[in-house]
Undergrad: 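Following this message is one structure expressed as structure tokens.
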Amino acid sequence: MFSITTIFSQTYRILIGSGAALLLSSVMMTSANAADIATTYNNSCAACHDSGALNAIKKGDSAKWQQLMKQKSMPALINSVKSGMTQMPAGGLCSSCSDEDYRKLIEYMSK
Ligand code: HEC
């Protein structure tokens, strides 16, 4: 059971242990696995890329995705998502995604 003292001392530790907090957040970032990517996809990108709404390239249309990756390269595609396109809002509705997350999401959609 959590007592108030436990919660206080944990908060205190988080506040003063910025080094530990940094370490913790980097562990959390690198531990993103396939399931997290699927969840992020469903929460952010699926709205358009599942159905092809607004002419978004559909998830699973690997021919189109492969062609786009060849034409533009992965870094350019990541930048497109970050800065947005004509029909795609900047960030693709994911406010917490890192470049690495976008790369994984694009690879996930291309399969
Ligand atoms: C509101 C709809 C919408 C959402 C949400 C959305 N997209 Fe898109 N996306 C589009 C559309 C439409 C295009 C086609 C280009 C255009 O017309 O803007 C596109 C194009 C792209 C491209 C190709 C970029 C290029 O340079 O050609 C990538 C990569 C991409 N989306 C990734 C994502 C990722 C990753 C997410 C989720 C984090 C996402 N999109 C969320 C609508 C969306």
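Ligands are counted one by one from 1 in listed order, and the atoms in each one are counted from 1 as well. Note that the structure is predicted; figures quoted are calculated from it, not measured.
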Undergrad: For the Cys pair C48 and C45, is the SG-SG distance shorter than 2.5 Å?
TA: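 With an SG-SG separation of 2.5 Å or more, C48 and C45 do not form a disulfide.
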Undergrad: Of all the atoms in ligand 1, which lie at a distance below 4.0 Å from a heavy atom belonging to I106?
TA: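 This gives 29 (C) as the contact atoms.
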Undergrad: To the nearest 0.1 Å, how far is atom 5 (C) of ligand 1 from its closest protein heavy atom, and which atom is that?
TA: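 Going atom by atom, the protein heavy atom closest to atom 5 (C) of ligand 1 ends up being S44 O, 3.2 Å.
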Undergrad: Should I106 and M74 count as side-chain neighbours, where that means a heavy-atom distance under 4.5 Å?
TA: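 When only atoms from C-beta onward are counted, M74 and I106 do touch, with a gap below 4.5 Å.
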Undergrad: Would you mind listing which atoms of ligand 1 come within a distance below 4.0 Å of any non-hydrogen atom of L93?
TA: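 Taking each heavy atom of L93 in turn, ligand 1 has 5 (C) under 4.0 Å.
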Undergrad: Could you list which atoms of ligand 1 come closer than 4.0 Å to a heavy atom of M109?
TA: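 Those qualifying, in numeric order: 32 (C), 33 (C), 34 (C), 35 (C).
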Undergrad: Cation-pi check for Y108 against K59: NZ or CZ below 6.0 Å from the six-membered ring centre and within 45 degrees of the axis, yes or no?
TA: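 Yes, K59 and Y108 form such a contact.
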Undergrad: S73 side chain to M69 main-chain N or O, any donor-acceptor pair under 3.5 Å?
TA: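 Checking the backbone N and O of M69 against the side chain of S73, no donor-acceptor pair under 3.5 Å is found.
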Undergrad: Kindly say whether A76 contributes a backbone atom to a donor-acceptor pair with the side chain of N79 at under 3.5 angstrom?
TA: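 Absent.
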Undergrad: Of the listed options (K59, M74, K72), which comes nearest to atom 25 (C) of ligand 1 when hydrogens are ignored and any heavy atom counts?
TA: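 Closest candidate by heavy-atom distance is K72.
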Undergrad: State the OH-CG distance between Y41 and D101, to the nearest 0.5 angstrom.
TA: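 These two atoms lie 15.5 Å from each other.
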Undergrad: Have a look at ligand 1 and work out which part of P89, if any, has a heavy atom under 4.0 Å from it: side chain, backbone, both or neither.
TA: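 Side chain only; the backbone of P89 stays clear of ligand 1.
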Undergrad: For ligand 1, note which part of W65 has a heavy atom under 4.0 Å away: side chain, backbone, both or neither.
TA: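 W65 to ligand 1: side-chain contact only, backbone stays beyond 4.0 Å.
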Undergrad: Can you count the protein N/O/S atoms lying under 2.8 Å from atom 8 (Fe) of ligand 1, leaving waters out?
TA: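 Atoms of protein N, O or S type lying less than 2.8 Å from atom 8 (Fe) of ligand 1 total 2.
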Undergrad: Return yes if some donor-acceptor pair links the side-chain N/O of N42 with the main-chain N/O of A38 below 3.5 Å, else return no.
TA: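 Yes; at least one donor-acceptor contact below 3.5 Å.
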Undergrad: Identify, with sequence neighbours excluded, every residue that meets side chain to side chain contact (heavy atoms under 4.5 Å, CB included) alongside Q67.
TA: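 Result, side chain to side chain contact (heavy atoms under 4.5 Å, CB included) vs Q67: Q71.
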Undergrad: Kindly indicate whether the side chain of M88, heavy atoms from C-beta on, has any atom under 4.5 Å from the side chain of V81.
TA: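 A side-chain contact under 4.5 Å exists here.
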Undergrad: Which residue and non-hydrogen atom of the protein lie closest to atom 14 (C) of ligand 1, and at what distance in Å?
TA: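 Result: N55 O, 4.1 Å.
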Undergrad: Could you please spell out the steps behind the salt bridge (Lys or Arg N to Asp or Glu O under 4.0 Å) verdict for D36 and K104?
TA: CA-CA 10 Å; D36 295 330; K104 287 185 187 153; over 6 Å; no
Undergrad: In terms of atom number and element, which parts of ligand 1 are under 4.0 angstrom from non-hydrogen atoms of L105?
TA: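 Counting atoms of ligand 1 from 1, those under 4.0 Å from L105 are 35 (C), 38 (C).
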Undergrad: I need the K70 NZ to W65 CH2 distance, nearest 0.5 Å.
TA: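 Here the rounded value is 15.5 Å.
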Undergrad: If we set the cut-off at 4.0 Å for heavy atoms, which region of I78 has an atom near ligand 1: side chain, backbone, both, or neither?
TA: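 Neither; nothing of I78 gets under 4.0 Å from ligand 1.
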Undergrad: Between H49 and I57 (side chain of the first, backbone of the second, donor and acceptor by atom type, cut-off under 3.5 Å), is there such a pair?
TA: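 Yes, the answer is positive, given that a donor and an acceptor are paired below the 3.5 Å cut-off.
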Undergrad: Minimum distance, heavy atoms only, to atom 12 (C) of ligand 1: which one of N42, N43, L54 is it?
TA: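 Ranked by closest heavy atom to atom 12 (C) of ligand 1, first place is L54.
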Undergrad: Quick test: of every protein heavy atom, which one is nearest to atom 23 (C) of ligand 1, and how far off is it to 0.1 Å?
TA: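 Among all protein heavy atoms, the one nearest atom 23 (C) of ligand 1 is L68 CD2, 3.6 Å.
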